[in-house]
Amino acid sequence: MCRHPPRTQAAVGPRGHNGWVSQHWVLHVDMDQFLVAVELLRHPELVGRPVVVGGRGDPTERAVVSTASYEARERGVHSGLALKLAWRRCPDAVFLPVDFPVYEAASARVMATLRATPGAVVEVLGWDEAFVGIETDDPVVTATAIRAAVLDATGLHCSVGIGDTLVRAKIATDFGKPQGTFQLTRDNWMEVMGERPTTALWGVGAKIGARLQAIGIRTVADLAAADEDALVTSFGPSSGGHLVRLGRGGGRTRPDDTPWVARAHGRETTYQSDLTTADEVRAALSELAQRVVDDCRKEDRAVQRVHLKVRFAPFFTFTKVRKLPEPTWDVDVVTQTAYALFLALDDQRPVRLLGVRGEMVPPDGGY
DNA sequence: TCTGGGGTCCTAGGACCC
DNA sequence: TCTGGGGTCCTAGGACCC
């Protein structure tokens with residue numbers, strides 16, 4: 001992968017010597033090979049070896065790679081790859097099971113460190129990344145300080161993207177990895193991104209990229225110059241406007257630290273051997289529904305819609321949704337609703353994956 | 001060759017009411 | 001017999017992210 005632009009002067013921010021006025025910057029902090037890095041803290045003997053974290057750590061099972069170490073990535077192993085394939089590509093890799101509580105604890109220490117930065121507004125994006133909004137006269141110095149603070153507090157390395165918008169900061173991080181910093185602003189956006197395909201943008205995947213290409217928009221520069229009305233016609237009022245802004249690197253400039261409120265909780269499981277009978281399916285749905293209801297109950301918010309996700313062998317996924325007559329915590333109601341959706345599919349093939357998701361009543365949405 | 005599990009947001013279109 | 005718009009609610013499904 002040759003995604004790194006040359007580290008020109010644009011890669012280094014204005015130095016904070018005399019005369020620079022403090023201004024607001026967005027920093028995107030992203031942990032390097034997070035799950036693997038956490039594992040290496042407790043297994044230092046594995047440093048330098050190809051390490052793969054995924055599933056239950058058994059590469060003969062149906063599961064995928066959550067995170068691969070840089071050594072494993074050099075051998076073609078990446079997140080999302082089936083563990084069996086990872087094993088084939090890299091038979092001498094060490095396979096470790098996913099250990100959620102440990103990563104959650106590490107994540108909490110990272111986020112606490114970011115929040116402890118004076119003046120920082122922290123918007124958490126996931127386990128291993130966050131935006132930090134901050135006033136500084138030298139964002140590179142600030143980024144370096146944050147990387148050192150995170151390393152000191154957790155023993156973990158991260159990379160930092162610096163930008164004048166969230167989108168630019170987020171995209172900048174990739175150019176800084178690993179253990180580095182990169183700056184992307186309105187001044188170097190087109191120079192760095194203009195000739196890249198639209199899929200290099202955050203939020204443009206293969207499908208949107210193909211649809212853009214079909215209307216003559218191939219690169220980020222093409223998108224930035226595109227006619228907004230044409231995009232609105234093709235993608236709708238919200239997405240059309242969003243895409244043009246994205247092409248220009250625009251959008252939000254301030255992280256939002258409002259605490260995150262879940263809309264839904266879901267559980268899904270890929271079964272090691274396919275489910276073939278109605279009883280097996282009903283029993284599995286019952287177990288998933290129980291866990292979903294437990295999660296919703298913890299927040300004291302009832303389930304108002306039930307989603308069923310089914311993957312039949314070999315690879316064909318359905319999702320169905322049904323609103324309940326009234327919000328509930330009754331596991332039987334959730335189970336029966338999911339099962340009714342399953343029966344409505346009227347498909348006799350073996351089931352490989354089942355998922356149940358409960359959409360919850362909004363916290364202020366009383367009923 | 002085999003495809004996780006946790007989420008979010010958006011659009012389209014039908015049903016229904018005024 | 002043919003026909004408005006506007007609004008809301010609902011389901012289906014697509015797409016994307018980590």
Side-chain angles (χ1 to χ4, degrees), chain A residues 28-31 33-35 52-68 76-89 97-98 100 103-104 107 124-131 166-167 170-171 173-174 198-199 201-212 231-243 246 260-272 274 288 291-292 295 304-325 337 340-341 344-345 352-360:
Chain A
H28 176 251
V29 179
D30 196 76
M31 305 306 296
Q33 51 171 13
F34 182 56
L35 306 196
V52 176
V53 178
R56 295 191 284 191
D58 178 347
T60 67
E61 288 190 348
R62 283 179 184 165
V64 294
V65 175
S66 291
T67 304
V77 178
H78 53 82
S79 50
L81 187 73
L83 279 190
K84 282 177 189 169
L85 283 178
W87 193 30
R88 208 158 299 161
R89 289 185 189 182
V98 175
F100 293 94
Y103 313 140
E104 267 159 23
S107 175
V124 177
L125 267 191
W127 266 358
D128 65 337
E129 60 177 305
F131 288 113
L166 270 65
V167 161
K170 166 83 181 168
I171 293 174
T173 310
D174 283 340
T198 56
T199 49
L201 297 166
W202 183 35
V204 179
K207 299 296 177 73
I208 301 279
R211 282 173 66 189
L212 286 170
L231 287 169
V232 167
T233 303
S234 295
F235 293 92
S238 174
S239 302
H242 174 69
L243 282 168
L246 202 53
W260 176 72
V261 177
R263 277 82 168 159
H265 288 299
R267 291 300 171 99
E268 60 187 78
T269 303
T270 298
Y271 298 93
Q272 291 299 317
D274 298 346
L288 293 168
R291 295 163 71 187
V292 167
D295 281 355
Q304 62 176 358
R305 282 209 271 191
V306 175
H307 301 232
L308 170 76
K309 181 170 169 183
V310 184
R311 176 172 301 162
F312 296 102
F315 191 76
F316 202 62
T317 306
F318 291 96
T319 308
K320 293 269 177 203
V321 187
R322 182 160 300 169
K323 189 177 197 293
L324 298 172
T337 304
L341 287 168
L345 291 174
R352 180 153 296 186
L353 175 151
L354 275 181
V356 174
R357 171 170 304 276
E359 256 182 71
M360 294 176 288

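No hydrogens, no waters, no symmetry mates; every other heavy atom, side chains included, goes into these values. Residue numbers start from 1 in every chain, and the chains themselves are labelled A, B, ... in the order their sequence lines are given, proteins ahead of strands.
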- Message: Within the 4.0 Å heavy-atom criterion, would you say A:Lys309 contacts the bases, only the backbone, or no part of the nucleic acid?
- Response: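 No contact.
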- Message: Categorize A:Val65 for me: base, sugar-phosphate, or nothing, with a 4.0 angstrom heavy-atom threshold over every strand shown.
- Response: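 If one applies the 4.0 Å heavy-atom cut-off, A:Val65 turns out to touch nothing in the nucleic acid.
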- Got a sec, which residues hit side chain to side chain donor-acceptor pair (under 3.5 Å) with A:Lys309, two or more places apart in sequence or on another chain?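 Per chain and number, A:Lys309 pairs via side chain to side chain donor-acceptor pair (under 3.5 Å) with A:Glu268.
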- Task: Quick one: list whatever passes side chain to side chain donor-acceptor pair (under 3.5 Å) with A:His307, sequence neighbours left out.
- Result: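 With neighbours one apart ignored, the set is A:Glu359.
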- Message: Just to verify, what does A:Tyr271 make a ring-ring contact (aromatic ring centres under 6.0 Å, His included) with, not counting sequence neighbours?
- Response: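 A:Tyr271 satisfies ring-ring contact (aromatic ring centres under 6.0 Å, His included) with no other residue.
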- Sequence-distant partners of A:Phe235, ring-ring contact (aromatic ring centres under 6.0 Å, His included), two or more places apart: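 A:Phe235 satisfies ring-ring contact (aromatic ring centres under 6.0 Å, His included) with no residue once adjacent residues are dropped.
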Output all residues satisfying salt bridge (Lys or Arg N to Asp or Glu O under 4.0 Å) with [X], sequence neighbours left out; order by chain, then residue number.
| X | value |
| --- | --- |
| A:Lys84 | none |
| A:Asp30 | A:Lys177 |
| A:Arg291 | A:Glu287 |

- Message: The test is side chain to side chain contact (heavy atoms under 4.5 Å, CB included); show your working for A:Thr319 and A:Leu308 and say whether it passes.
- Response: CA-CA 6 Å; A:Thr319 308; A:Leu308 170 76; over 6 Å; no
- Message: Only Watson-Crick and G-U wobble pairs with both distances less than 3.5 Å should count. Give DNA chain B in dot-bracket notation, marking inter-strand partners with |.
- Response: ....||||||||||||||
- Message: For a 4.0 angstrom threshold against heavy atoms of chain A, report the outermost contacting nucleotides of DNA chain C in 5' to 3' order.
- Response: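 In short, chain A contacts DNA chain C from C:dC10 to C:dC18.
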